[in-house]
Amino acid sequence: MRTGIEAAEYGAEIQRVVRYLGVGNGNMQEGSLRCDVNVSVRPIGQSEFGTKVEIKNMNSFSEISRAIDYEISRQILLHKESQADKIVQETRLWDESSQKTFTMRKKEGLADYRYFPEPDLPEVVLTSDYIDEIRNSMPELPEAKRRRYENMGLSMQDVIFLANDDIVAHFFDSTLERGADAKLAANWIMGDITAYLKNEKLSIDEIKLTPLELSELIAFIKNGTISGKIGKEILVELITKGGTVKSVIEEKDLVQIADPAAIEAMVDKVLAENPKQLEQYRAGKTKLQGFFAGQVMKASKGKASPVLLNKILGEKLKGN
């Protein structure tokens with residue numbers, strides 16, 4: 001590997017695999033997953049590798065990236081200053097506060113590691129059948145999941161976010177299994193749901209919203225039963241209290257108003273109550289259309305169909 005970011009991403013992928021397999025949580029800051037790195041550089045044209053330096057004391061993948069890049073630059077500088085002999089086989093510690101590595105202990109060679117045969121450990125023999133059995137029982141791993149999401153037409157940003165956490169990926173897949181559109185489900189999970197999770201410091205499996213109800217919410221917005229704005233209100237209710245989309249809609253009387261006559265009456269009322277703004281609009285201040293739409297929405301308690309509202313309002317403002 002040639003850069004800190006490449007090595008850090010390799011470590012992050014190991015963490016994802018560990019989590020997908022249920023081996024552990026892979027949290028570096030808790031010591032559930034540790035990573036030491038070996039760094040050596042060699043001038044262009046030199047065939048043999050340079051002297052290896054080991055670095056310890058890194059508690060995150062970003063620290064791994066910075067520690068490697070610092071150590072590479074430190075060793076290159078010594079080469080450029082004709083002090084390559086000062087690069088010795090040693091263990092160095094990464095210091096996050098100073099963003100530098102410091103000598104911890106020097107090693108003379110392999111003998112310093114005290115390698116010796118362990119007579120009490122028997123050989124572990126794995127048969128091909130056993131290996132095949134394990135392979136066949138494996139869940140879908142991160143790389144395969146990313147490719148599958150990519151083939152759904154999701155953006156790379158969506159793909160990376162959704163596949164990064166196996167719990168989020170499971171929630172997303174479960175929502176799709178219940179008929180939800182992939183892009184719409186991704187938008188809800190990455191937007192409002194993630195914002196709530198971050199704010200409350202929760203994971204997606206700790207809230208009361210279920211994949212079934214998220215798919216129902218998406219369906220109700222898509223078929224025009226409720227507006228997107230009302231959908232956001234319902235989502236908060238489902239996340240915090242649970243229940244079903246249908247029950248929340250019925251309980252709070254949130255069905256979208258899709259009757260043209262009802263919306264037209266509200267539009268007429270708003271225009272009649274705001275003659276000054278109407279005059280300004282017809283004098284060229286067309287941005288006021290947003291003001292009128294907002295007033296109608298307020299009067300309808302957010303239930304007016306946005307499509308119908310904009311159509312009727314547009315016609316009325318033109319004097320039709």
Side-chain angles (χ1 to χ4, degrees), residues 1 3-38 55-68 94 96 124 126 130-178 180 182-183 185-215 238-239:
M1 298 184 190
T3 63
I5 190 70
E6 186 182 1
E9 182 49 38
Y10 178 83
E13 185 71 354
I14 289 175
Q15 183 188 63
R16 285 188 279 270
V17 171
V18 162
R19 288 173 173 172
Y20 267 60
L21 294 176
V23 174
N25 63 25
N27 291 339
M28 285 193 70
Q29 64 273 23
E30 297 171 5
S32 302
L33 183 146
R34 300 300 298 164
C35 180
D36 299 335
V37 300
N38 295 308
I55 308 171
K56 292 180 176 290
N57 195 40
M58 295 157 295
N59 297 312
S60 69
F61 297 118
S62 58
E63 285 186 28
I64 288 171
S65 178
R66 292 194 296 273
I68 291 172
W94 170 251
E96 182 63 15
V124 178
L126 306 178
Y130 176 79
I131 294 170
D132 289 339
E133 183 186 338
I134 294 297
R135 184 179 287 115
N136 294 332
S137 69
M138 295 267 279
E140 183 181 44
L141 293 180
E143 176 61 14
K145 198 175 286 290
R146 287 194 291 268
R147 296 289 77 80
R148 179 163 64 84
Y149 289 170
E150 203 175 351
N151 291 334
M152 289 178 184
L154 295 176
S155 69
M156 191 50 65
Q157 182 185 3
D158 295 349
V159 168
I160 291 170
F161 180 93
L162 293 167
N164 188 55
D165 186 324
D166 60 312
I167 301 172
V168 171
H170 178 70
F171 192 98
F172 175 68
D173 285 337
S174 298
T175 305
L176 299 195
E177 285 167 12
R178 287 155 177 82
K183 182 56 182 171
N187 288 347
W188 280 99
I189 290 171
M190 294 171 63
D192 293 72
I193 295 173
T194 294
Y196 179 88
L197 296 177
K198 280 184 178 175
N199 191 49
E200 299 297 323
K201 295 182 173 56
L202 295 170
S203 63
I204 203 163
D205 59 344
E206 293 177 311
I207 58 176
K208 293 182 179 177
L209 174 71
T210 65
L212 172 61
E213 291 313 313
L214 177 58
S215 68
L238 295 173
I239 287 174

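Residues take their numbers from the sequence shown, with the count starting at 1. Nothing here was measured: the structure is a model prediction, and the numbers come from that model.
Between N25 and S32 the shortest heavy-atom distance is OD1-OG, 2.9 Å. In plain terms, the two heavy atoms of R146 and A163 that are nearest each other are CG-CB, 3.6 Å. The two residues I55 and A67 have their closest heavy-atom pair at CD1-O, 3.9 Å. Counting all heavy atoms, side chain and backbone alike, E140 lies closest to Y20 at O-CD2, 3.1 Å. The two atoms that bring A169 and K145 nearest to each other are CB-CD, 3.5 Å, heavy atoms only. Residues T210 and F171 share a closest heavy-atom pair of C-CZ, 3.8 Å.
Between R16 and E9 a salt bridge is recorded (basic side-chain N to carboxylate O distance below 4.0 Å). Taking a cutoff of 4.0 Å between a charged side-chain nitrogen and a carboxylate oxygen, R147 and E143 qualify as a salt bridge. One finds a salt bridge joining K183 and D158 here, because a Lys/Arg side-chain nitrogen approaches an Asp/Glu carboxylate oxygen to under 4.0 Å.
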Begin with the C-alpha distance, continue with both residues' side-chain angles, and end with the deciding distance and a verdict on salt bridge (charged side-chain N to carboxylate O under 4.0 Å, His left out) for E96 and R66. CA-CA 9 Å; E96 182 63 15; R66 292 194 296 273; 2.5 Å; yes
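I207 is not listed as a side-chain neighbour of E200, based on a closest heavy-atom distance of 4.5 Å or more. Taking 4.5 Å as the limit, every side-chain heavy atom of I68 sits out of range of all side-chain heavy atoms of T3. Looking at heavy atoms from C-beta onward, I64 lies out of side-chain contact with W94 at the 4.5 angstrom threshold. No side-chain heavy atom of M58 sits under 4.5 Å from any side-chain heavy atom of C35. Using a 4.5 Å cut-off on side-chain heavy atoms (C-beta onward), F172 and L214 make no contact. With contacts defined as side-chain heavy-atom distances shorter than 4.5 Å, the pair L141/L21 qualifies. Residues V37 and M1 are not in side-chain contact: their nearest non-hydrogen atoms beyond the backbone lie 4.5 Å or more apart.
In this structure, the separation between CZ on F61 and CD1 on I14 is 8.0 Å, given to the nearest 0.5 Å. Remark: L209 CG to L197 CG distance equals 9.5 Å, nearest 0.5 Å. A distance of 9.0 Å separates CD of E150 from CD1 of I160, quoted to the nearest 0.5 Å. Here CD1 of I193 is found 13.5 Å from NZ of K198. Values are rounded to the nearest 0.5 Å. Note that the CD atom of E213 and the OG1 atom of T175 stand 10.5 Å from one another [nearest 0.5 Å].
At least one donor-acceptor pair under 3.5 Å links the side chain of T194 to the backbone N or O of I189. Using a distance-only test at 3.5 Å, with no hydrogens or angles considered, a donor-acceptor pair links the side chain of Q15 to the main chain of G26.
Residues satisfying the side-chain contact (heavy atoms from CB on, under 4.5 Å) criterion with S65, sequence neighbours excluded, are I5, A8, D69. R19 is linked by a salt bridge (charged side-chain N to carboxylate O under 4.0 Å, His left out) to nothing, counting only residues two or more places apart in sequence or in another chain.
Using modelled atom types and a 3.5 Å distance limit, the side chains of S203 and E206 yield a donor-acceptor pair. Between the side chains of N59 and R34, at least one donor-acceptor pair of N or O atoms lies under 3.5 Å.
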